[in-house]
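Values reported hereafter were calculated over all heavy atoms of this structure, with side chains retained and with hydrogens, waters and symmetry mates removed.
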Amino acid sequence: MLDQITGEHFRQLLGTSKALYLSDGSQIPVTIVSVVDKPNARMSATGRMPFGVELSSPAQTSFIDGPCAIELPELGLIEGIVVSRTPELGRAAGHVYFDITVN
């Protein structure tokens with residue numbers, strides 16, 4: 001199922017809140033902040049366009065990184081998406097930030 005994900009699945013959700021399901025069974029509410037295509041990471045002209053997704057959450061969590069699941073339009077619940085926490089770096093205090101990279 002991971003091979004079917006495109007940046008458009010996340011672009012449809014820009015600015016909306018979703019649940020990020022962690023492998024321990026807990027959930028973190030996240031907002032889809034941005035989706036950025038990464039054409040320089042593309043393996044071939046016919047392959048999927050690699051992209052990155054930035055997520056933010058007002059929920060304080062000890063989660064750092066690992067496989068998660070998220071509900072996407074047309075695809076349903078997608079499991080095995082690797083999510084990594086990123087530093088705040090001057091963004092809204094009190095939020096935590098995460099990235100998803102899809103090659």
Side-chain angles (χ1 to χ4, degrees):
M1 194 65 116
L2 292 174
D3 61 335
Q4 297 177 21
I5 300 170
T6 68
E8 288 308 311
H9 291 107
F10 285 95
R11 279 189 189 90
Q12 296 176 46
L13 300 172
L14 279 170
T16 65
S17 294
K18 300 292 286 179
L20 186 64
Y21 302 96
L22 309 184
S23 59
D24 68 1
S26 63
Q27 299 177 30
I28 301 172
V30 295
T31 299
I32 313 301
V33 175
S34 70
V35 180
V36 177
D37 288 337
K38 308 220 177 212
N40 292 338
R42 198 174 210 171
M43 298 296 282
S44 71
T46 59
R48 166 180 57 197
M49 175 64 71
F51 62 95
V53 179
E54 180 185 10
L55 309 171
S56 73
S57 177
Q60 296 303 306
T61 178
S62 61
F63 175 73
I64 301 296
D65 62 13
C68 297
I70 193 167
E71 190 89 25
L72 293 176
E74 300 146 17
L75 297 178
L77 185 66
I78 304 297
E79 297 177 333
I81 294 178
V82 177
V83 177
S84 299
R85 192 166 181 164
T86 59
E88 188 180 297
L89 298 176
R91 296 180 276 192
H95 278 74
V96 293
Y97 297 89
F98 302 97
D99 278 334
I100 300 171
T101 300
V102 179
N103 290 324

Legend entry - same_hphob_cluster(Ile70, Leu22) at 4.5 Å side-chain heavy-atom cutoff: yes
Legend entry - Heavy-atom donor-acceptor pair, Asp37 side chain to Pro39 backbone, under 3.5 Å: no
Legend entry - Single-linkage hydrophobic cluster, 4.5 Å side-chain cutoff, Tyr21 and Ile100 together: no
Legend entry - Closest approach of Val35 to Gly7 (non-hydrogen atoms, all atoms of both residues): CG1-O, 3.8 Å
Legend entry - pair His9-Ile78: side-chain heavy atoms closer than 4.5 Å: no
Legend entry - Test item: Gln60 side-chain N/O and Gly94 main-chain N/O as donor-acceptor pair under 3.5 Å: yes
Legend entry - Minimal non-hydrogen separation, Asp65 against Ser84, with atom names: CB-CA, 3.7 Å
Legend entry - Cluster link Val33 to Ile28, ILVMFWY, side chain under 4.5 Å: no
Legend entry - Distance in Å, Gln4 CD paired with Glu74 CD, rounded so as to fall on 0.5 Å steps: 10.5 Å
Inset, instruction - Look up atom OG1 in Thr31 and atom OH in Tyr97, then write down how far apart they are to the nearest 0.5 Å. - result: 10.0 Å
Inset, instruction - Determine, using the 4.5 Å side-chain heavy-atom cutoff (strictly less than), whether Leu13 and Met49 are members of one ILVMFWY cluster. - result: no
Inset, instruction - Kindly say whether Phe63 contributes a backbone atom to a donor-acceptor pair with the side chain of Arg85 at under 3.5 angstrom? - result: yes
Inset, instruction - Examine distances only and state if a side-chain atom of Ser57 and a backbone atom of Pro29 form a donor-acceptor pair shorter than 3.5 Å. - result: yes
Inset, instruction - Treating Ile, Leu, Val, Met, Phe, Trp and Tyr as nodes and any side-chain heavy-atom pair under 4.5 angstrom as an edge, say whether Val36 and Leu55 lie in one connected cluster. - result: no
Legend entry - Gln27 versus Ala19, closest heavy-atom pair with distance: OE1-CB, 3.6 Å
Legend entry - Test side-chain contact (heavy atoms from CB on, under 4.5 Å) applied to Ile81 and Ile5, step by step: CA-CA 10 Å; Ile81 294 178; Ile5 300 170; 4.0 Å; yes
Inset, instruction - To the nearest 0.5 angstrom, please state how far the CG atom of Asn103 sits from the CZ atom of Arg48. - result: 8.0 Å
Inset, instruction - Write down the atom of Leu77, the atom of Glu71, and the distance for their closest heavy-atom approach. - result: N-OE2, 3.6 Å
